[in-house]
Structure formats: structure tokens, C-alpha cells
Amino acid sequence: MSLPSINDIIEMVPESVITTFNSVSSVLPENAIGFILVALCWGFTNPFIKNGSKGLENIKRSSWLSQAAAEYWYLFTRWQYVLPLVLNLCGSVVYYYTLGKADLSLAVPITNSLTFIFTTLAGILLGESIGSLRSWLGMAMVVLGVGLCVQSKI
């Protein structure tokens with residue numbers, strides 16, 4: 001008995017499966033790029049926004065209105081805060097654009113979990129503590145869970 005050729009195997013696959021596979025494979029890469037781009041924009045900018053706002057706690061004014069005005073002035077005149085904030089907001093624009101084409105049950109967990117991972121990586125690059133073994137185990141579980149969600153949708 002000889003093994004079937006690849007053409008024989010393809011002919012045995014129902015047309016509906018091929019149609020579904022083609023529609024998923026044509027949309028998924030574009031959405032995946034959008035998810036990753038959003039997670040990069042959100043994740044990598046979070047620690048930089050935090051660093052850019054250092055010193056904000058030292059601003060003290062007599063009234064809440066002058067306090068708020070002084071804080072806004074302090075933040076929006078520092079490029080260390082404004083630049084990562086603008087990149088973060090660009091991620092939000094891409095996110096809403098991608099949501100229009102994506103399955104929400106995939107978009108939200110993928111984007112949020114990757115954001116968490118990218119925030120951790122950016123924090124490491126900035127010299128922040130990397131957390132305990134339990135934190136890393138938790139991140140691995142989140143990635144595994146999201147991988148299962150994606151697997152169930154494909």
C-alpha cells in the first residue's frame with residue numbers, strides 16, 4: 001500500500017474547510033500585526049510614561065484648580081512624558097481600527113496579555129526589578145491561556 005500524494009489529501013478535504021481556512025488565514029496575519037503593534041505601543045510606553053512623570057508628586061499648590069493646572073503644565077512640558085504618551089495613544093488608534101476587523105474574543109486577550117509582557121520587558125530595559133518567580137510563572141500562564149484561546153478560534 002502506497003502513501004497518498006498531497007494532491008490526493010487535498011481532494012479529500014471538504015470545500016467548506018478550505019473556504020474557512022482561507023478566510024481565517026487571510027484575516028489573521030493582518031489582525032495579528034495590529035495586535036502586536038498595539039501591544040508594543042501600549043506595553044513599551046507604560047514604563048516610559050511612569051518615568052516621565054517623576055517629580056509630579058513634588059508639585060504643591062494651595063487650591064485644587066491651581067494644583068491641577070500646575071500638574072498638567074509639568075507633564076505636558078516634559079518630552080519624557082509627552083512622547084511616550086503620544087505613542088501610547090497611537091496604539092489606541094490602531095487598536096480601534098483593528099477591532100473593526102477582528103474577533104473580540106481574540107483581540108482583547110491577545111492585546112492585553114502581550115501588553116503585559118512588553119511592559120515587563122520595557123521595565124527590565126529601564127532597570128526595574130523583574131519580579132519574582134511567581135510573577136514569571138503567572139506571565140507564562142497568561143500566555144498559555146491566550147494561546148489556548150487563539151487555538152480554539154482557529
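When a residue number appears, it is its place in the shown sequence, counting from 1.
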J.: If you compare all heavy atoms of Val38 against all heavy atoms of Gly91, which two are closest, and at what distance to 0.1 Å?
T.: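 Taking every non-hydrogen atom into account, CG2-O, 3.4 Å.
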J.: Which residues pass the side chain to side chain donor-acceptor pair (under 3.5 Å) test with Gln80, not counting sequence neighbours?
T.: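 Once residues adjacent in sequence are excluded, Gln80 has no partner under the side chain to side chain donor-acceptor pair (under 3.5 Å) criterion.
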J.: Check whether Val94 and Leu87 end up in the same hydrophobic cluster, where Ile, Leu, Val, Met, Phe, Trp and Tyr are linked by side-chain heavy atoms less than 4.5 Å apart.
T.: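 Hydrophobic grouping puts Val94 apart from Leu87.
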J.: Can you list the other members of the hydrophobic cluster that holds Leu137, where links are side-chain heavy atoms under 4.5 angstrom apart?
T.: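 Members besides Leu137: none; it forms no cluster.
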J.: Minimum heavy-atom separation for Leu99 and Ala107, please, with both atom names.
T.: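 That closest heavy-atom pairing would be CD2-CB, 3.7 Å.
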J.: Tell me every residue that passes ring-ring contact (aromatic ring centres under 6.0 Å, His included) with Tyr95, counting only those two or more places apart in sequence or in another chain.
T.: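 Only Trp42 meet the ring-ring contact (aromatic ring centres under 6.0 Å, His included) criterion with Tyr95.
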J.: Does Val86 have any side-chain contact (heavy atoms from CB on, under 4.5 Å) partners at least two apart in sequence or in another chain, and if so, which?
T.: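 With sequence neighbours excluded, Val86 shows a side-chain contact (heavy atoms from CB on, under 4.5 Å) to Val82, Cys90, given in chain and number order.
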J.: Indicate every side-chain donor-acceptor pair of residues 117-128 with a distance under 3.5 Å to a residue at least two apart or in another chain.
T.:
residue : atom : partner : partner atom : Å
Thr119  : OG1  : Gly43   : O            : 3.1
Thr119  : OG1  : Asn46   : ND2          : 3.3
Thr119  : OG1  : Thr115  : O            : 2.8
Thr120  : OG1  : Phe116  : O            : 3.0

J.: Going by the rule side-chain contact (heavy atoms from CB on, under 4.5 Å), which residues pair with Ala70 if we only count those two or more places apart in sequence or in a different chain?
T.: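 Per chain and number, Ala70 pairs via side-chain contact (heavy atoms from CB on, under 4.5 Å) with Ile59, Arg61.
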J.: Using side-chain contact (heavy atoms from CB on, under 4.5 Å) as the criterion, list what pairs up with Ser62, not counting sequence neighbours.
T.: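 Residues passing side-chain contact (heavy atoms from CB on, under 4.5 Å) with Ser62: Ser66.
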J.: Tell me, please, which residues at least two apart from Lys50 pass side chain to side chain donor-acceptor pair (under 3.5 Å).
T.: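 In terms of side chain to side chain donor-acceptor pair (under 3.5 Å), with neighbours along the sequence ignored, Lys50 is linked to no residue.
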J.: Per the ring pair (Phe, Tyr, Trp, His ring centres under 6.0 Å) rule, what does the pair list look like for residues 47-75, sequence neighbours excluded?
T.: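 Not a single pair qualifies under ring pair (Phe, Tyr, Trp, His ring centres under 6.0 Å).
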J.: Going from CG on Leu85 to CG on Leu75, what distance comes out if it is rounded to the nearest 0.5 angstrom?
T.: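 Rounded to the nearest 0.5 Å, the CG-CG separation comes to 9.0 Å.
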J.: Could you see if Leu148 belongs to whatever hydrophobic cluster contains Val143? Use Ile, Leu, Val, Met, Phe, Trp, Tyr and a side-chain cutoff under 4.5 Å.
T.: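 Looking at the clustering, Val143 is in a separate group from Leu148.
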J.: Sequence neighbours excluded, which residues qualify as side chain to side chain donor-acceptor pair (under 3.5 Å) partners of Thr45?
T.: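 Once residues adjacent in sequence are excluded, the partners of Thr45 under the side chain to side chain donor-acceptor pair (under 3.5 Å) criterion are Asn88.
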J.: Can you name the side chain to side chain donor-acceptor pair (under 3.5 Å) partners of Asn112, sequence neighbours left out?
T.: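 Testing Asn112 for side chain to side chain donor-acceptor pair (under 3.5 Å), a comparison that skips the adjacent residues, returns none.
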J.: Is Val108 reachable from Leu37 through a run of I, L, V, M, F, W or Y residues, each pair having side-chain heavy atoms under 4.5 Å apart?
T.: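 Both belong to a single hydrophobic cluster.
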J.: Give me the atom names and distance for the closest heavy-atom approach of Glu57 to Lys60.
T.: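 That closest heavy-atom pairing would be O-NZ, 3.0 Å.
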J.: To the nearest 0.5 Å, how far apart are CD in Glu71 and OG in Ser53?
T.: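 Answer rounded to 0.5 Å: 10.5 Å.
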J.: Check for me, please, whether Leu89 and Tyr97 land in the same ILVMFWY cluster - side-chain distances under 4.5 Å, paths through other members count.
T.: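 No, because Leu89 and Tyr97 fall into different hydrophobic clusters, even though each may have its own neighbours under 4.5 Å.
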